[in-house]
Every structure is written in structure tokens, then in C-alpha cells.
Amino acid sequence: MKKLTLLFLLSISLYSCKDKEEDSPSPDSVCNTSNVTYSNTVKSIISNNCIVCHGGAPMNLGDIATLQGVANSGLLYKVITHAEGVPAMPKGKAKLSDCDIAKIKAWIDAGAQNN
Ligand code: HEC
């Protein structure tokens, strides 16, 4: 009988452990900024949010050299974080998600490479 009670308690504690794990955010909902590259991450964020207006002259952000230029001057990060003194981008639309901003920042901080 004692053994059974012990087993019962053990299963309850194991079960509550499992519950806690399910409460914590799943890996999918955590913003992952490791392994951010231009081709696998930044390019699609820019395509989805900026190219509609910046797909050609005067500023084609689909062109990597142009994008690197605004990234390295600090302007890219300023416009997407709606910093003072620069036009907020994407113009007239909602700010990018915190995760997209964090990914672009990670790419800039790593040298805005064409990778
Ligand atoms: C709806 C059109 C539109 C969208 C979408 C848009 N922009 Fe712009 N962007 C503009 C216009 C127009 C300007 C010129 C400045 C102004 O009129 O505010 C501009 C200017 C800029 C500038 C130059 C700012 C300066 O001070 O010279 C940067 C950098 C920029 N946009 C980046 C972006 C990025 C990055 C995105 C996507 C996250 C984006 N834009 C999305 C219309 C847009």
C-alpha cells in the first residue's frame, strides 16, 4: 500500500513538472536572432515591408549595396525603430514586429554582410 501511495505521489509530481514545461513559451514563439543572414532573414523582411515603395529609384532597398549603405550609416535602424528626426518606416504602416527589428539589428551589428 505504501508503495502505491509513493507511486501515486510520484506521478503527480511528474505531471506537474510536465505542466510547467507547457506553460513556458514554445521555441517557436521565442525570437531567434542567431544565424541571421541577409539571404535567409533580412531579405524577406525588406521584401515584405519595404519593396512596395523602395523597389527602385530613388532608393532601391532590394539592392544589397544600397541596403548596406543605409544599414551602415545607422539610418536603417533609426527609421524602423521610429527614432526622432527621421521618417518612420514602413511609412504610414504599423511598425515592424519586435522580432523583425531584433533580427535586422543582429544583421547590422554583425556587419550588414551580403551573406
Ligand atoms: C508606403 C511607402 C513606403 C514604405 C512601405 C516604406 N517606405 Fe521608406 N520611405 C518612403 C518615402 C516616401 C520616403 C521619403 C521620406 C518621406 O517622405 O518620409 C522614405 C524614406 C526612407 C528612408 C530614407 C530616410 C531619410 O531620412 O533619408 C529609409 C532609410 C527608408 N525609407 C527605409 C524604409 C524601410 C527599411 C522600409 C521597410 C521596413 C520602408 N522604408 C518602407 C516610403 C515608404
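Each ligand, and each atom within it, is numbered from 1 in the order the structure gives. Heads up: numbering here begins at 1 and tracks the sequence. Since we're looking at a predicted model, the values are computed, not measured.
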- Are K105 and T33 side-chain neighbours, meaning at least one heavy-atom pair lies under 4.5 Å? no

- With a 4.0 Å heavy-atom cut-off (strictly under), which part of P90 contacts ligand 1: side chain, backbone, both or neither? both

- Residues Y38 and N115: closest non-hydrogen pair is N-OD1, 2.6 Å

- Message: A side-chain contact here means heavy atoms from C-beta on lying under 4.5 Å apart; do V70 and M59 qualify?
- Response: yes

- Apply side-chain contact (heavy atoms from CB on, under 4.5 Å) to I104 and L96, showing your working. CA-CA 10 Å; I104 290 180; L96 296 183; 4.0 Å; yes

- Query: Nearest to atom 9 (N) of ligand 1 by heavy atom, K93, H54, M59: which?
  - Reply: H54

- Message: Please list, in number order, the atoms of ligand 1 under 4.0 Å from a heavy atom of V79.
- Response: 29 (C), 32 (C)

- the protein heavy atom lying closest to atom 5 (C) of ligand 1 turns out to be N49 O, 3.4 Å

- L76 and ligand 1 - part of the residue with a heavy-atom distance under 4.0 Å: side chain

- Query: Is there a protein heavy atom at a distance of less than 4.0 Å from atom 14 (C) of ligand 1?
  - Reply: no

- What's the shortest distance from atom 4 (C) of ligand 1 to any protein heavy atom, and which residue and atom give it? C53 SG, 3.2 Å

- Query: Should V42 and L67 be marked as a side-chain contact (heavy atoms from CB on, under 4.5 Å) after you check the CA-CA gap, both sets of side-chain angles, and the distance that decides it?
  - Reply: CA-CA 10 Å; V42 174; L67 187 66; 4.1 Å; yes

- Item | Nearest-contact summary for atom 24 (C) of ligand 1 - protein heavy atom, Å | P87 CG, 3.6 Å

- Query: How far is atom 34 (C) of ligand 1 from its nearest protein heavy atom, and which residue and atom is that?
  - Reply: C50 SG, 3.4 Å

- Could you tell me which atoms of ligand 1, counted from 1 in the order shown, lie closer than 4.0 angstrom to a heavy atom of L61? 32 (C), 33 (C), 34 (C), 35 (C)

- Name the option, out of I80, V86, L75, that contains the heavy atom nearest to atom 29 (C) of ligand 1. L75

- Item | Winner among K91, K95, M89 once heavy atoms are compared against atom 33 (C) of ligand 1 | M89

- Message: Minimum heavy-atom separation for K103 and V36, please, with both atom names.
- Response: O-CG1, 3.5 Å

- Does a sphere of radius 6.0 Å around NZ in K93 hold more than 12 heavy atoms from other residues, nucleotides or ligands, not counting ones at 6.0 Å or beyond? no

- Query: More than 12 non-hydrogen atoms from neighbouring residues, nucleotides or ligands closer than 6.0 Å to CG on N35, yes or no?
  - Reply: no

